[in-house]
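Have a look at the structure below before the remarks.
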Amino acid sequence: MTYTAPVESVAPDAPAGQLLRRVWQPVFVARNLQPGKPVPLRVLGEELTLYRGESGRPYIVGARCPHRYTWLHTGFVEGEEIRCFYHGWKFDGVGQCTDQPAEKSSFAAKVRIPSYPAREYGGLVFAWMGTGDPPELPRIPELDADGVRVVAGIRPPGLWPVNYFQILENNVDPVHTSFVHKATEPHWGEIPEVTAKETEYGLEVTATRSGVPRRTRFHFPNLMHITIWLISDEEVEFDHFFWTVPVDDEHSMFVSATVIPEALADRVPRAMAGRVMPDGAHMELMTGARRPESITEEDYVAMVGQGTVADRTNERLGRSDVAVVKLRKLWANAIEQLEPRPPGTPTPGRDDRRPRVRREN
């Protein structure tokens, strides 16, 4: 049987959207969330409000007040609650309306807005957007080690105008490093032999150059663990964890936590070894007006150059794409378990508006 697995949509009722909501997703850099200053969020296609209460605890509630539908992030934080700027309706951290100054006191109990549990860890704010009670937020041993500094961030330019899945495919593709990053990371210039194996957590991808293996780990559904060089004159590798978080079907963001030993912290550049991209660079890069000048700009050109949602219908994969193939099978298997397809299900035609990840049995 041949069928295609729908991975591009992250809506709550879409298979991929359901899978992504089964894990905690990092949505914001904790140091940038100031008490009393709510911020708007868009994650997995949903509009939300993030704020920090006076206790320091983060909260995530719906984007708009249900009264006259204005943005809640323009309102006021009072204790652990948020009050709407427009008519003063107030909501607690689980979305329950607690005060309506111009209404009868009994009305507030009937009004509730969406909310999601939020936790702070590794310099990031995580959201649980699944159904039911959330599981424990997983711990990462490297982030909890003694004598290290964890630097959290969102990779410039913030929103990448691409579907999250083509970023996942790039993440498990070591060959691209030899070409895309040959100017900024010449130490990875040799074409590697690529192998990949499934693990209990996802995939382990090995790129071997001159007999020396370099391993990266993909944790299903959207977390990568790689090592990166941050000190130009030393071959010192730092653990780097990054999540490809869908903003919606056509935009994504890289949310990261990098582990830096305190003894080396002063030697790591503030620009994090070329992970920079100035505002307004998109047009220059995509029209070819200039070449990319940083690691981030190089990746941006490669991934955004595929289009907002990559068209995979006529691609030609080779043996070096073994990790990409296994990534797609991993996702196809997960979707099959979530949403079984009976034998004989027809394959969608090639004129489908949105591409799919293909699997053949």
Side-chain angles (χ1 to χ4, degrees), residues 1-27 42-46 48 60 114-117 119 126-138 162-172 196-205 217-225 242-253 255 309-313 317 322-350 352-361:
M1 178 180 69
T2 298
Y3 65 87
T4 55
V7 296
E8 76 286 346
S9 176
V10 298
D13 59 347
Q18 294 176 50
L19 291 173
L20 288 161
R21 284 170 172 79
R22 291 184 172 186
V23 300
W24 287 87
Q25 297 289 348
V27 297
R42 183 169 174 81
V43 180
L44 295 176
E46 299 187 38
L48 302 166
I60 296 174
S115 68
Y116 291 117
R119 302 285 188 274
F126 286 79
W128 167 257
M129 299 178 66
T131 58
D133 294 330
E136 289 293 320
L137 179 64
V162 292
N163 183 261
Y164 78 100
F165 204 83
Q166 63 209 64
I167 298 178
L168 296 186
E169 292 177 334
N170 181 81
N171 293 343
V172 299
K197 65 178 182 180
E198 292 190 24
T199 67
E200 72 279 2
Y201 56 79
L203 294 176
E204 180 182 271
V205 183
R217 295 167 177 85
F218 168 73
H219 294 256
F220 188 85
N222 61 329
L223 168 61
M224 287 295 298
H225 175 195
F242 65 96
W243 293 257
T244 301
V245 181
V247 174
D248 51 38
D249 292 354
E250 298 182 344
H251 299 85
S252 307
M253 59 182 175
V255 185
V309 183
D311 183 357
R312 303 174 179 90
T313 53
L317 300 184
V322 57
V324 174
V325 172
K326 286 186 177 292
L327 172 74
R328 294 180 182 183
K329 287 182 177 179
L330 196 67
W331 269 85
N333 286 337
I335 289 175
E336 183 177 20
Q337 294 174 23
L338 181 70
E339 183 183 60
R341 294 167 181 251
T345 300
T347 301
R350 287 191 174 184
D352 274 10
R353 185 175 68 89
R354 306 295 287 273
R356 310 288 175 120
V357 169
R358 184 173 180 176
R359 173 186 171 187
E360 295 187 1
N361 287 338

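None of these values were measured; they are calculated from a predicted model.
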Quiz prompt | Residue pair Glu250, Glu8: steps toward the side chain to side chain contact (heavy atoms under 4.5 Å, CB included) verdict | solution = CA-CA 9 Å; Glu250 298 182 344; Glu8 76 286 346; over 6 Å; no
Quiz prompt | Pair Phe220-Leu203, side chain to side chain contact (heavy atoms under 4.5 Å, CB included): steps then yes or no | solution = CA-CA 8 Å; Phe220 188 85; Leu203 294 176; over 6 Å; no
Exercise. Decide side chain to side chain contact (heavy atoms under 4.5 Å, CB included) for Leu48 and Tyr116; before the verdict, give the C-alpha distance in whole Å, the side-chain angles of both, and the deciding distance to 0.1 Å.
Key: CA-CA 9 Å; Leu48 302 166; Tyr116 291 117; 3.8 Å; yes
Practice problem: List the steps and the verdict of side chain to side chain contact (heavy atoms under 4.5 Å, CB included) for Val172 and Met224. | Solution: CA-CA 9 Å; Val172 299; Met224 287 295 298; 4.1 Å; yes
Exercise. Could you walk me through whether Arg119 and Glu136 pass the salt bridge (Lys or Arg N to Asp or Glu O under 4.0 Å) test, one step at a time?
Key: CA-CA 10 Å; Arg119 302 285 188 274; Glu136 289 293 320; over 6 Å; no
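With hydrogens and angles disregarded, a donor-acceptor distance shorter than 3.5 Å links the side chain of Gln25 to the backbone of Leu20. A donor-acceptor pair under 3.5 Å is absent between the side-chain atoms of Asn222 and the main chain of Trp243, judged by distance alone. With Ser115 contributing its side chain and Ile60 its backbone, the two residues share no donor-acceptor pair below 3.5 Å.
Residue Val245 forms a side chain to side chain contact (heavy atoms under 4.5 Å, CB included) with just one option from Val10, Leu44, Val255, and that option is Val255.
For Val325, the side-chain contact (heavy atoms from CB on, under 4.5 Å) test picks out Leu317, Lys329, with sequence neighbours left out. With sequence neighbours left out, Phe218 forms a ring pair (Phe, Tyr, Trp, His ring centres under 6.0 Å) with no residue at all. Residues passing the side-chain contact (heavy atoms from CB on, under 4.5 Å) test with Pro135, sequence neighbours excluded: Trp24, Trp128. Residues passing the ring pair (Phe, Tyr, Trp, His ring centres under 6.0 Å) test with His219 are Tyr201, sequence neighbours excluded. The salt bridge (charged side-chain N to carboxylate O under 4.0 Å, His left out) search around Arg22 returns none, not counting sequence neighbours. Residues satisfying the salt bridge (charged side-chain N to carboxylate O under 4.0 Å, His left out) criterion with Glu204, sequence neighbours excluded, are Lys197, Arg215, Arg217.
Between Ile335 and Pro15, the closest heavy-atom pair is CG2-CB, 3.9 Å.
For the pair Gln18/Leu338, a side-chain contact is recorded, criterion being any heavy-atom separation below 4.5 Å from C-beta on. For the pair Leu168/Phe165, a side-chain contact is recorded, criterion being any heavy-atom separation below 4.5 Å from C-beta on. A heavy-atom distance below 4.5 Å is not found between the side chains of Leu330 and Lys326.
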